[in-house]
There are 2 protein chains.
Amino acid sequence: MDIVDRLLLARLQVDATTPYATLGEEVGLSGAAAHERVRKLRERGVIRRTTVDVDPGAVGKAVLAFVMIEANTWMGGPETNAALRALPWVEEAHIVAGGASVLVKVRAAGTAELQDALREIFDLDGVTGTQTIVVLETFFERPVAVDA
Amino acid sequence: MDIVDRLLLARLQVDATTPYATLGEEVGLSGAAAHERVRKLRERGVIRRTTVDVDPGAVGKAVLAFVMIEANTWMGGPETNAALRALPWVEEAHIVAGGASVLVKVRAAGTAELQDALREIFDLDGVTGTQTIVVLETFFERPVAVDA
DNA sequence: AATGAAAAATTTTCCGC
DNA sequence: GCGGAAAATTTTTCATT
């Protein structure tokens with residue numbers, strides 16, 4: 001992956017609807033060459049998918065929280081993964097080092113729904129406690145820096 | 001926003017390269033009508049942008065961490081926002097309730113670069129301390145649930 | 001790997017309902 | 001707001017360097 005690939009990635013992160021001809025111009029390639037580069041980036045899995053960024057508030061998810069989950073069993077297995085995936089409020093789930101075992105990012109309509117989510121998390125096998133950090137304001141959420 | 005809009009959003013989150021004709025079929029509309037729906041969702045800001053999801057590992061960001069920042073001044077202002085935005089490692093920044101003032105999601109090439117990021121965070125005005133949670137494994141990171 | 005051009009498909013516009 | 005069709009643009013393929 002050279003600098004041109006990185007430029008293309010950065011550009012597509014900003015607007016993936018940009019025509020290949022325009023992308024090519026911006027990186028000093030023909031449209032066909034830019035297209036071929038992007039095709040390979042997708043093929044190699046560098047680009048995982050093309051998606052739309054949806055405003056959470058507009059779909060009724062007003063509350064964001066991070067929940068640190070403590071457990072008395074190893075939570076790094078596929079069962080925990082699947083159990084967390086099944087919870088619609090959980091947007092991200094990570095196994096972490098430190099006091100907690102798992103850190104999840106949770107989005108809910110309001111505090112009542114957040115409470116529902118927390119109850120479900122509590123009910124997972126091995127969970128002994130949770131610590132919740134409620135977000136008051138999100139400054140920004142942006143794509144991975146590609147530093148081209 | 002009715003159920004059709006939500007179906008379209010959910011479908012576009014999975015693959016934003018899907019032709020309007022196909023989207024229309026899947027939600028029971030013509031291609032033109034599906035296109036008009038999506039156009040309005042963009043116009044209203046429900047769809048913020050069309051983007052590509054880049055594999056962080058493929059662009060050399062192997063380490064993920066969450067950093068809770070404690071401060072002795074109010075960090076909710078635009079100066080803090082701008083200062084955090086200027087740090088390339090910071091992927092998300094949130095003002096939070098609880099012991100910490102700010103919670104940031106940081107991605108770095110390795111532990112050395114993570115240390116650089118932490119130093120820069122420490123140097124921000126008002127910061128009195130940080131607590132870092134290092135991610136060992138990411139189960140998943142997915143788009144906002146649209147529950148259609 | 002890149003280019004220009006042709007071919008195929010899609011996006012976008014527009015009119016009638 | 002939706003559907004069908006034309007028009008404009010883009011994606012995709014291909015022969016060549």
Side-chain angles (χ1 to χ4, degrees), chain A residues 1-62 109 142-148, chain B residues 1-62 109 142-148:
Chain A
M1 246 224 327
D2 62 5
I3 285 186
V4 174
D5 282 335
R6 289 180 186 266
L7 285 171
L8 289 170
L9 288 177
R11 192 58 182 72
L12 288 171
Q13 283 178 330
V14 173
D15 183 5
T17 69
T18 311
Y20 290 114
T22 307
L23 290 175
E25 273 182 53
E26 293 180 1
V27 303
L29 285 179
S30 69
H35 178 259
E36 176 66 4
R37 292 271 196 149
V38 174
R39 194 192 61 72
K40 283 178 183 163
L41 287 168
R42 287 187 210 278
E43 189 184 55
R44 281 186 244 145
V46 176
I47 295 176
R48 288 168 165 161
R49 64 177 163 177
T50 302
T51 184
V52 291
D53 186 9
V54 173
D55 175 21
V59 295
K61 297 292 189 187
R142 61 187 178 189
V144 190
V146 168
D147 25 79
Chain B
M1 249 223 326
D2 62 4
I3 278 197
V4 174
D5 282 334
R6 288 179 186 267
L7 285 171
L8 289 170
L9 288 177
R11 192 57 182 71
L12 288 171
Q13 282 179 331
V14 172
D15 183 5
T17 68
T18 312
Y20 289 115
T22 308
L23 290 175
E25 273 182 53
E26 293 180 2
V27 303
L29 284 178
S30 68
H35 178 259
E36 177 66 3
R37 292 270 196 153
V38 174
R39 194 190 61 73
K40 284 178 183 163
L41 287 168
R42 285 187 211 277
E43 190 183 52
R44 281 186 245 146
V46 175
I47 294 175
R48 288 170 166 160
R49 62 176 165 181
T50 302
T51 185
V52 291
D53 187 9
V54 173
D55 175 20
V59 294
K61 298 292 188 185
R142 63 187 177 189
V144 190
V146 169
D147 25 80

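Quick caveat, the model's predicted, so the values are computed rather than measured. Here is the naming used below: chain letters follow the sequence lines, and residue numbers restart at 1 for every chain.
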For the pair R49(A) (side chain) and D53(B) (backbone), establish whether a donor and an acceptor sit closer than 3.5 Å, ignoring hydrogens and angles. no
Between V59(B) and A145(A) the two heavy atoms that sit nearest each other are CG2-O, 4.2 Å
Which nucleotide in dA1(C), dT3(C), dG4(D) has an atom nearest any side-chain atom of S30(A): dT3(C)
Separation of dA1(C) atom C1' from R44(A) atom CZ, nearest Å, is 12 Å
Determine, step by step, whether R42(A) and T50(A) satisfy the side-chain hydrogen bond (donor to acceptor under 3.5 Å, both in side chains) criterion, reporting the C-alpha distance in whole Å, the side-chain angles of both residues, the deciding distance to 0.1 Å, and the verdict. CA-CA 9 Å; R42(A) 287 187 210 278; T50(A) 302; 2.6 Å; yes
Could you check whether E43(A) pairs with K40(A) (Lys NZ or Arg NE/NH1/NH2 to Asp/Glu carboxylate O, under 4.0 Å)? no
When you measure from the side chain of D5(A) to the backbone of L8(A), do you find a donor-acceptor pair of N or O atoms at a distance under 3.5 Å? no
Separation of atom OH in Y20(B) from atom P in dG3(D), rounded to whole Å: 16 Å
Between C1' on dT11(C) and CZ on R42(B), what's the gap in Å once rounded to a whole number? 11 Å
Atom CZ of R37(B) to atom C1' of dG1(D): distance rounded to whole Å? 8 Å
With a 4.0 Å cutoff (strictly under), does any side-chain N or O of H35(B) reach OP1 or OP2 of dT12(C)? yes
Can you confirm whether L7(A) sits close enough to E26(A) that some side-chain heavy atom of one is under 4.5 Å from a side-chain heavy atom of the other? no
Starting at CG of D15(A) and ending at P of dT11(C), how long is that distance when rounded to a whole Å? 14 Å
Taken to the nearest whole Å, CG/L29(B) to P/dG3(D) is 5 Å
Would you mind reporting whether K61(A) and D147(B) have side-chain heavy atoms less than 4.5 Å apart? yes
Difference in axis direction between the ends of the helix from dA1(C)-dT17(D) to dC17(C)-dG1(D), five pairs, 10°: 20°
Nearest-Å distance for atom pair NZ/C1', residues K40(A) and dT12(D): 15 Å
Sugar-phosphate, base or nothing in reach of A33(B), heavy atoms under 4.0 Å: sugar-phosphate
Send over the distance from E25(A) CD to dA2(C) P, rounded to a whole Å. 16 Å
